[in-house]
Enquirer: 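Below is the structure I would like to discuss, written out as structure tokens.
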Number of protein chains: 2
Amino acid sequence: MSCEQGLFRSLRKKGLRLTSQRKRILSALHELDRLATAEEIFQSVRRDSPSMDISTVYRTLELLREFQVVTCVQGNDGQHRYELAHHSTPHVHMVCRACGRVFEVAIESLQPFIACAREQHGFEVDVHALSIEGICHACCAQMRSGTIISHRK
Amino acid sequence: MSCEQGLFRSLRKKGLRLTSQRKRILSALHELDRLATAEEIFQSVRRDSPSMDISTVYRTLELLREFQVVTCVQGNDGQHRYELAHHSTPHVHMVCRACGRVFEVAIESLQPFIACAREQHGFEVDVHALSIEGICHACCAQMRSGTIISHRK
DNA sequence: CTAAATGCAAACTCTTTGCAGGTAC
DNA sequence: GTACCTGCAAAGAGTTTGCATTTAG
């Protein structure tokens, strides 16, 4: 996998190693191909490597984040969620507060805001870390039809 | 305080009570008048009421959130931060990943994005819950001048 | 009065850390 | 061989919960 080669070279530059655990976590991220919690990634890896520890998953995800191989956002439930950085075109995540589903939106319509933040405050928005809460179409409809949806939790 | 009267009526409708603890937490939120963690609110309240427990603070903040008296966002450090809902004009929070400082931006420049999310996905963005990560002006400058800033953590 | 709320202690979840043994290069 | 890395166990932060007691209305 070319992605693995690239990571290997990056690691080597800093005297770090491409271990079998790191390879497996990278594979799991490719397989999942979506925002996933450390626990989900751990479970996925565990099916093949039952001896893997969750602390290794955390350590590896932090490493991959430093090398910008994965991006990380905060879910609405306090957990971090990770995905491969080159997963697709630049996008932000919208998390439904009612059902927890995640939607992706291209960043074009955010450009006015990004420009505004930069011009008015000199603030550089990190688009990859953006996680936006709200209510999705389906849950909106359900709420209007009278069904009570639990408010988070 | 008129805010207290309003809350009292809302509570009464559901058979709930306006206790002295709830009043004190409401005061603390007014005094702080900014995004604050449960711990900060707890410490603030504790100065006057040393017997208050942090679990009461959590329970009350959850209650105030249900009644839409406070809004809640996730900080970049995994903590929830709360502030009074009518704190000021509608705004979003931008959190600097390097120094942790919080900046407020009016939501106007986000309107294209909010409209886009609604039209394309039927997704209703909750502006109040928005917390946007990035790098602030000062930290940008420091980084360019060569100072190494720790990457989160 | 009595249902709701509090304080206390203990549990729980997610994440990080110290360390002895294992492994990439 | 020697740093780096891992699994294990234990700690740590933030938050939640069960229960006996207190209190608002």
Side-chain angles (χ1 to χ4, degrees), chain A residues 4-5 7-26 35-43 45-46 48-67 70 72-82 100 150-153, chain B residues 4-5 7-26 35-43 45-46 48-67 70 72-82 100 150-153:
Chain A
E4 212 173 275
Q5 291 298 319
L7 178 60
F8 177 70
R9 279 191 294 271
S10 306
L11 288 168
R12 278 282 77 202
K13 276 184 204 159
K14 298 203 174 183
L16 306 179
R17 294 166 187 175
L18 183 55
T19 61
S20 62
Q21 288 89 337
R22 288 174 182 173
K23 284 183 201 166
R24 287 197 202 104
I25 290 168
L26 205 53
L35 271 194
T37 62
E39 183 67 29
E40 287 168 341
I41 295 161
F42 175 54
Q43 291 304 336
V45 171
R46 261 216 158 182
D48 299 326
S49 326
S51 68
M52 169 98 56
D53 192 78
I54 188 133
S55 65
T56 302
V57 174
Y58 277 109
R59 283 189 277 229
T60 301
L61 288 171
E62 174 61 20
L63 186 90
L64 294 177
R65 202 169 63 79
E66 278 166 20
F67 281 92
V70 301
C72 168
V73 302
Q74 303 251 141
N76 58 359
D77 58 356
Q79 288 183 71
H80 293 117
R81 279 159 218 274
Y82 303 82
S150 74
H151 192 57
R152 163 104 49 112
K153 147 144 291 193
Chain B
E4 212 173 274
Q5 290 299 318
L7 179 60
F8 178 70
R9 279 191 293 273
S10 305
L11 288 168
R12 278 283 75 202
K13 276 183 205 160
K14 299 204 174 184
L16 306 179
R17 295 164 186 177
L18 184 55
T19 61
S20 62
Q21 289 89 339
R22 287 175 182 172
K23 284 182 201 166
R24 287 197 202 104
I25 289 168
L26 204 53
L35 272 193
T37 62
E39 184 66 30
E40 286 167 341
I41 295 161
F42 175 54
Q43 291 304 336
V45 172
R46 261 218 158 180
D48 298 326
S49 327
S51 68
M52 169 98 56
D53 192 76
I54 188 134
S55 66
T56 301
V57 174
Y58 278 110
R59 282 190 277 229
T60 301
L61 288 171
E62 173 61 19
L63 186 89
L64 294 177
R65 203 170 61 79
E66 278 166 21
F67 281 91
V70 301
C72 168
V73 302
Q74 303 252 142
N76 59 358
D77 57 357
Q79 288 183 72
H80 294 117
R81 278 160 217 274
Y82 304 83
S150 75
H151 191 57
R152 163 104 49 113
K153 154 153 282 196

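Every chain is numbered from 1 and lettered A, B, ... according to where its sequence line falls, protein lines coming before strand lines. These numbers come from the heavy atoms of this one structure, side chains and all, not from hydrogens, waters or symmetry mates.
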Enquirer: Calculate the interatomic distance between B/L26 atom CG and C/dA5 atom C1'; express it in whole Å.
Expert: 16 Å
Enquirer: Roughly how many Å is it from CD in B/Q21 to C1' in C/dG7, rounded to a whole number?
Expert: 9 Å
Enquirer: So A/R12 and A/R17, do their side chains get closer than 4.5 Å, heavy atoms only?
Expert: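 Of all side-chain heavy-atom pairs linking A/R12 with A/R17, at least one is under 4.5 Å.
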Enquirer: Just one of B/R9, B/K23, B/Q5 clears the side-chain contact (heavy atoms from CB on, under 4.5 Å) bar with B/L18, so which one?
Expert: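 Passing option: B/K23.
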Enquirer: Can you tell me how far P of D/dA13 sits from OH of B/Y58, to the nearest Å?
Expert: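 B/Y58 atom OH is separated from D/dA13 atom P by 12 Å.
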Enquirer: Using whole Å, report how far CZ of A/R65 lies from C1' of C/dT16.
Expert: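 From A/R65 CZ to C/dT16 C1': 14 Å.
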Enquirer: In the structure I gave you, are the side-chain heavy atoms of B/F67 and B/L16 within less than 4.5 Å of one another anywhere?
Expert: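 Side-chain contact under 4.5 Å: yes.
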Enquirer: Are there any protein N/O atoms within less than 3.5 Å of an N/O atom in nucleotides 8-12 of chain C, and if so, which ones and at what distance?
Expert:
residue, atom, partner, partner atom, Å
C/dC8, N4, B/S55, OG, 3.4

Enquirer: Should B/H80 be listed as having a side-chain N or O under 4.0 Å from OP1 or OP2 of D/dT15?
Expert: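 B/H80 to D/dT15 OP1/OP2: side-chain N or O found under 4.0 Å.
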Enquirer: Should B/E62 and B/R59 count as an ion pair when the cut-off is N to O under 4.0 Å?
Expert: no
Enquirer: Just do the side chain to side chain contact (heavy atoms under 4.5 Å, CB included) check on B/L61 and B/H80 with the steps written out, would you?
Expert: CA-CA 10 Å; B/L61 288 171; B/H80 294 117; over 6 Å; no
Enquirer: Take atom CG of A/L63 and atom P of C/dT15, then tell me their distance rounded to the nearest Å.
Expert: 17 Å
Enquirer: Tell me the interatomic distance from A/I54, atom CD1, to D/dG12, atom C1', rounded to whole angstroms.
Expert: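 The answer, rounded to whole Å, is 16 Å.
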Enquirer: About how many Å separate OG1 of B/T19 and CG of B/L11, when rounded to the nearest 0.5 Å?
Expert: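 Answer for the CG-OG1 pair, B/L11 versus B/T19, is 8.5 Å.
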Enquirer: Rounded at 0.5 Å granularity, tell me how far CG in B/L63 sits from OG in B/S10.
Expert: 10.0 Å
Enquirer: If you measure from CZ on A/R65 to SG on A/C72, what distance do you get to the nearest 0.5 Å?
Expert: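 Nearest 0.5 Å value for the CZ-SG distance: 5.5 Å.
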Enquirer: Distance check needed: C/dT15 P versus B/Q79 CD, whole Å only.
Expert: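 About 14 Å, once rounded to whole Å.
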Enquirer: Nearest whole Å is fine: how far is C/dA5 C1' from B/E66 CD?
Expert: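 The distance from CD of B/E66 to C1' of C/dA5 comes to 14 Å, rounded to the nearest Å.
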Enquirer: Any side-chain heavy atom of A/I25 sitting closer than 4.5 Å to one from A/M52?
Expert: yes
Enquirer: Each nucleotide in nucleotides 20-25 of chain C should get exactly one letter: B, S or -. Can you fill that in based on protein heavy atoms under 4.0 Å?
Expert: ---BBS
